[in-house]
Structure formats: structure tokens, C-alpha cells
Protein chains: 2
Amino acid sequence: MGIERQMPGRQPRTRIQKKNTETILEAALDVFSQHGFRGSTLDQIAKAAGLSKPNLLYYFPSKVAIHRELIDGLMQTWLDPLRKMQAEGEPIEEILAYVLRKLEMAREYPRESRLFANEIVQGAPNIMDKIEGELKDLVDEKTQVIEGWISAGRIAPVDPYHLIFSIWATTQHYADFDAQIRGILHPEGDSHFEAARAHLDTLFRRMLTP
Amino acid sequence: MGIERQMPGRQPRTRIQKKNTETILEAALDVFSQHGFRGSTLDQIAKAAGLSKPNLLYYFPSKVAIHRELIDGLMQTWLDPLRKMQAEGEPIEEILAYVLRKLEMAREYPRESRLFANEIVQGAPNIMDKIEGELKDLVDEKTQVIEGWISAGRIAPVDPYHLIFSIWATTQHYADFDAQIRGILHPEGDSHFEAARAHLDTLFRRMLTP
DNA sequence: TGCAGGTTTGACCATTTGGTCAAGGGAACC
DNA sequence: GGTTCCCTTGACCAAATGGTCAAACCTGCA
């Protein structure tokens, strides 16, 4: 009868499947983060992956499927640093650690940052459910933690939501607006990240010290 | 012989030309800021402008020409607030006024902000010359002003370049990442801008007070 | 009112692009 | 060695898209 699985299911079964899906996602990250979803073509991705277009579509049913899988897979990594901000720690150091970890990610994973940026600037058509679900839940939880610290007088009063927005904005800026920053600073490689690190440390430390 | 201008030149000559080029640019701003350059189609713009596609191309020679004219026209408006930051004023109030004006622009002109964001996230292919020219010059000039204030002990020491980046990041975030912010806060209209205003005022005031 | 130039559009075109398909090549297991 | 499923691809397709063109339609002015 009709064979159940024409195309590879969710989990790669064979070595080849594993290798090729990885190659494709890696290539897709490159292309999507550079040109956005609509600006990217299957041919570009196929070429970047060193595969033929029909071969891409053997592993993924469509262009959007590749994009969706990328985003799904990266969402966790992206939220991880915020999850690690724990009520038990020393408040200012917990928040500062979050800031600097986020900055580190902007440096190490600029493609991932731009992938999300592209998506959100255009109204987040494909990830609004995750924003209103997972992300909102996590943020709501962590703003409570921050409120707690404020009540205890351990950090200066702030609007916790807007504090988080400021952290996102300032750190991701170094990945998302990289082209602009480089156009102004003309840094050698990532040399400007050292100053950025010092700057953001100062900014948020002054903001939060009671 | 050959009539010089087949298509309307730089400056609109007739009322109809003026009206239609304006309508087109307005529609194009809407579409480009929402879908990015490659994600936008001439048909979309034409429909939004209430004109036929060939009619669009009677007023502008190509899709990129529309985009270019939009960006050129908006660049000045965009840089204006920074120009207004003067060495003569009271330093903290000058900087704070810039921050709040920028935030105001994020609220009033989110489409313009997203137009630039889309462009820069994707590597600023069409405006790198302006970034390395006009923008860099202006920023270089204003960082000098800030350095002066620091030397005079009138504001706390900061890296002036990264201060400006932080201002851009935090204010434009409310326009560029609007979808995300609304997904988390579910504000009524623009009600969250009041809190944003207070937050950014606090953030930069604490940062800059000596 | 006539007419010269500005304005509008339906029909059309070439290219790009997401996606299909049937047929041919491999790997692994019996 | 053969069979069975997995993998790969050249050729193809329909729709979308940027752009053209000639003909028709307006509009302002002498």
C-alpha cells in the first residue's frame, strides 16, 4: 500500500539524513539571516548547501518548513540566558550576567539574532504564537523576580518590562545593526565588543544600583 | 529632437505629478516598511496607492528608484534630532531631549524606522554610502561634543559612540520590535509609550549624572 | 473649440521562483 | 547477487513579478 513516509520524518533516521538536514539548516540560516524570508530563494539555499534544489525538497517539504524548523530550533537557545537569571542570586550580578551573556550571543551568533530581527521587524508573522506564549510567559515570570528584588530594596526601582526591553535592544543592536556600527566605527574584526561590554556594564550598573 | 523628459523629472512639474508621486511614496513606505524591499511587489504598492502598475512606472523608472527616493527623502528627517543636540545647552538635558525626541519619532514614525531597520539588518546594501558619509560625520561631530562635556565634568564618563548606539537601540526598539512588545505587553494603542518614556529618562539620567 | 502635451491602462513579455515528477543511482540487508 | 528502500537529479510546470508599449484618454491653454 501507500508507503507511510515518502519524505524523512521529524527525526532523521539515517546518517545521510542527519548530515544533510544539518547542512541545509546551516545554509538556510546563512541565507535567511542575510536576506530575510522573502528575499531568500531555494536556489540560494541549495547552492549554499551544495545540494540540488529538488534534493532540498526531499528533506524539507517547502521553503517555509525550513524557515519554521530553523526558528523552532533556535528559540530555545535564544531564551536560555534569561531562564538562567535566578531569584536566588545577587540581583545586580544576575542581571549584569544576563546583559553580558546576551552581548556575547550577539557577537557569537549574529545570524541567529538577525534571523529573529528580520522576522519581528516584519510583524513576526510566523512566530507571534511563540512570542505570546513561551516568550511572554518567561518574561512575565522574570519581571516578577525583578519586582521582588526591587521590593527588597536590592536594586533601584525600574519598570521591569522596559528594563528587559532595554537589555534586548542594546545587546542585539550589535548584531542586528552590525552594518551601521561598522560603517561608523570601522573596527578591526570584533574589537569594538570590548568597549560595548564595558559600556553596557556601566549603563546597567548605574541604572540598577540603589 | 527626442523629447527630453519622457517621464517626470526630479521635481514634479504639474499638480497631478505632485499628488501622484506623493501618493506613491506614501504607499511605498507602507509596503516597504512592512515587507522589506524584496518582500514588496509593485502590484502591492500600486494597489495601496490606488494606481495601476504601469502608472507607477510612469512616475518612477523602477522599483529600486521608489525605494531609493524614499530613503533619500527620509534620511534628513531621521538625523535631524541628533543635529539639534548642541554643545551650548545643559548637557544632560540636551542628551535627554535627544533620547525623548527619538522615542517620540519611534512612536510617530514607526514605518520610517522599520524601513531603515529592514535595510540595515540586511547589511545596508543601498545606504552604506550614507552611513559612512553623512551619518558617520554627524556622529563623529557629536561624540566630540559629548567628550567635551565629559572633560568638563558635566556628565559622568561614557564611551560617546556606544552611548549613541544605546540611545538608538533603546528608542528605535519600540518601533522596530513593536510586534514583540505588543505580544508581551498587550497595550491599548500606544499606552506603553508613557512607561517607556519614564524608563528611558531614568536609564539615561542615572547613566549620565556625574 | 482644437490641439499639444501630460496621463492612464490593457495586453504582453522575459525571468525568476517555489515546487513536482519520473527515472536513475546507491547502500544495506538477505 | 538480488531485492528493497533510500537518495539524487534533469527536465518540467504554473504562478508571480518587474518591466514595456502602443493606443486611448484627459487637461490646460491659445
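So that the names make sense, note that chain A is the first sequence line, chain B the second, and so on, each numbered from 1. Scope of the values below: all heavy atoms of this structure, side chains included, with no hydrogens, waters or symmetry mates.
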Ignoring hydrogens and angles, tell me if any N or O in the side chain of [X] forms a donor-acceptor pair with the backbone of [Y] under 3.5 Å.
{"X": "A:E119", "Y": "A:N126", "value": "yes"}
{"X": "B:T171", "Y": "B:I167", "value": "yes"}
{"X": "B:K142", "Y": "B:M85", "value": "yes"}
{"X": "B:R182", "Y": "B:G189", "value": "yes"}
{"X": "B:S40", "Y": "B:G36", "value": "yes"}

Residue-phosphate contact under 4.0 Å: [X] side-chain N/O, [N] OP1/OP2:
{"X": "B:Q17", "N": "C:dG6", "result": "no"}
{"X": "A:T14", "N": "D:dC7", "result": "yes"}
{"X": "B:N55", "N": "C:dG10", "result": "no"}
{"X": "A:Y58", "N": "D:dT8", "result": "no"}

**Prompt:** Can you check whether A:M207 reaches B:F204 side chain to side chain, under 4.5 Å on heavy atoms?
**Reply:** no
Could you tell me how far apart [X] ([atom1]) and [N] ([atom2]) are, to the nearest whole angstrom?
{"X": "A:K47", "N": "C:dT16", "atom1": "NZ", "atom2": "C1'", "result": "15 Å"}
{"X": "A:F60", "N": "C:dG18", "atom1": "CZ", "atom2": "C1'", "result": "16 Å"}
{"X": "B:H35", "N": "D:dT17", "atom1": "NE2", "atom2": "P", "result": "11 Å"}
{"X": "B:K63", "N": "D:dA16", "atom1": "NZ", "atom2": "C1'", "result": "12 Å"}
{"X": "A:Y59", "N": "D:dC6", "atom1": "OH", "atom2": "P", "result": "11 Å"}

**Message:** Over the length of the helix from C:dT1-D:dA30 to C:dC30-D:dG1, how much do the five-pair end axes diverge, rounded to 10 degrees?
**Reply:** 0°
**Prompt:** For the residue pair A:Y174 and B:H162, is the inter-centroid distance of their aromatic rings smaller than 6.0 Å?
**Reply:** yes
**Message:** Strictly below 4.0 Å, N to O, side chains only: are A:R206 and A:D201 in salt-bridge contact?
**Reply:** no
**Message:** Tell me whether A:D80 is salt-bridged to A:K84, with the criterion being a basic N under 4.0 Å from an acidic carboxylate O.
**Reply:** yes
**Message:** At under 4.0 Å between heavy atoms, how does the protein contact nucleotides 20-30 of chain C? Give one character per nucleotide, 5' to 3', with B, S or -.
**Reply:** BB---------
**Message:** Does the plane of the ring in B:F32 sit parallel, tilted or perpendicular to the ring in B:F37? Use 30° and 60° as the thresholds.
**Reply:** parallel
**Message:** Can you confirm whether B:E188 is buried at CD, in the sense that more than 12 heavy atoms of other residues, nucleotides or ligands lie under 6.0 Å from that atom?
**Reply:** no
**Request:** Please list, by residue number, the residues of residues 36-45 of chain A whose heavy atoms come closer than 4.0 Å to an atom of DNA chain C; answer none if no residue qualifies.
**Result:** A:S40, A:T41, A:L42
